[in-house]
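Whatever order the structure lists ligands and atoms in, that order sets their numbers, starting from 1.
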Amino acid sequence: MTNPIYLALDFPDWRSTNQFISTYELQGIPVKVGMELFYKEGTRVIEKLKENNHPIFLDLKLHDIPTTVYRSMRNLAELEVDIVNVHALGGSEMIKRAKEGLNYRTSSHETKLIAVTILTSMDERTVHEELSLSNRLEDSVKHFAKLAEQSGADGVVCSVHEANIIKAACNASFMTVSPGIRLQASSQDDQKRIATPAFARKNGADAIVIGRSITKANDPYKAYEQAVKEWENEA
Ligand code: C5P
């Protein structure tokens, strides 16, 4: 992989996705495919992206009973993407079974499993009042990260602001992947806990996910380049 900066392909279909990638010459960069695109195009979109050698994070955030997640992961393993994920709120048994499903095939390809701790669109108030979690947001994130690690996950999706806390609480090899990234001078949209690529790296993120800061930029190619530059300058 050239860099660990995943572009979130939050487009409605393959036509608009492909048009965006080819217009701005972003072939081969790491990409994140989420529910919107996957539910429209299915596994075909993964095959198309692999033809262009994109490293792929398939962000479907599975959250169901352990057996269903196990069986679904067996199917996802066949796609041979680089990263898939589950919600850590599904509990340790579900995470363990997700990993078993991924390892079911005896292929040399490794798909990493990461777990969402708390969505980065949530803040302290939402977590207390709506989810009824009594811990501080930061403590809940740490709790879910450790639960995921103990259950066999390879890392977590977390806010940039919690990446360093997770790095301190878990093994150094436990990956931290952070969305909620904004390039300087772009809007916050619906993300509540945001940061720049440089801050993300400094604060312990191993990889970042960027969507609208690039897709809605006047010049997406330049915006992606800027993200890489900001990330690399922190090396
Ligand atoms: O446009 P923006 O940069 O906010 O996009 C962030 C991407 O990361 C979206 O595709 C969103 O679904 C995803 N994501 C997130 N928070 C998580 C997990 C994934 O924002 N905890």
Could you list which atoms of ligand 1 come closer than 4.0 Å to a heavy atom of [X]?
| X | value |
| --- | --- |
| V209 | 7 (C), 8 (O) |
| D10 | 9 (C), 10 (O) |
| V157 | 17 (C), 18 (C), 21 (N) |

Proximity to ligand 1 by part of [X], non-hydrogen separation under 4.0 Å:
| X | answer |
| --- | --- |
| T120 | both |
| L119 | both |
| T117 | neither |

If you measure from the Lys or Arg side-chain nitrogens to the Asp or Glu carboxylate oxygens, is any gap between [X] and [Y] under 4.0 Å?
| X | Y | value |
| --- | --- | --- |
| R125 | E130 | yes |
| R201 | D206 | no |
| K146 | E149 | no |
| E41 | R44 | yes |

Among I83, V45, V31, L9, which residue satisfies the side-chain contact (heavy atoms from CB on, under 4.5 Å) criterion with I56?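 The option that passes is V31.
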
Any nitrogen or oxygen of V116 lying under 3.5 Å from a nitrogen or oxygen in ligand 1? Just yes or no.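 No; every N/O pair is 3.5 Å or more apart.
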
May I ask whether M35 has any heavy atom positioned less than 4.0 angstrom from an atom of ligand 1?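 Checking ligand 1 against M35, which is what was asked, there is no heavy-atom contact under 4.0 Å.
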
Distance, nearest 0.5 Å, that separates CG of L76 from CG of L102: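 Taking CG in L76 and CG in L102, the distance rounds to 7.5 Å.
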
Considering only heavy atoms, which of K61, R212, H87 lies nearest to atom 19 (C) of ligand 1?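 Shortest heavy-atom distance from atom 19 (C) of ligand 1: K61.
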
Check whether the ring centres of H87 and F144 lie less than 6.0 Å apart, and answer yes or no.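 No, the ring centres sit 6.0 Å or more apart.
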
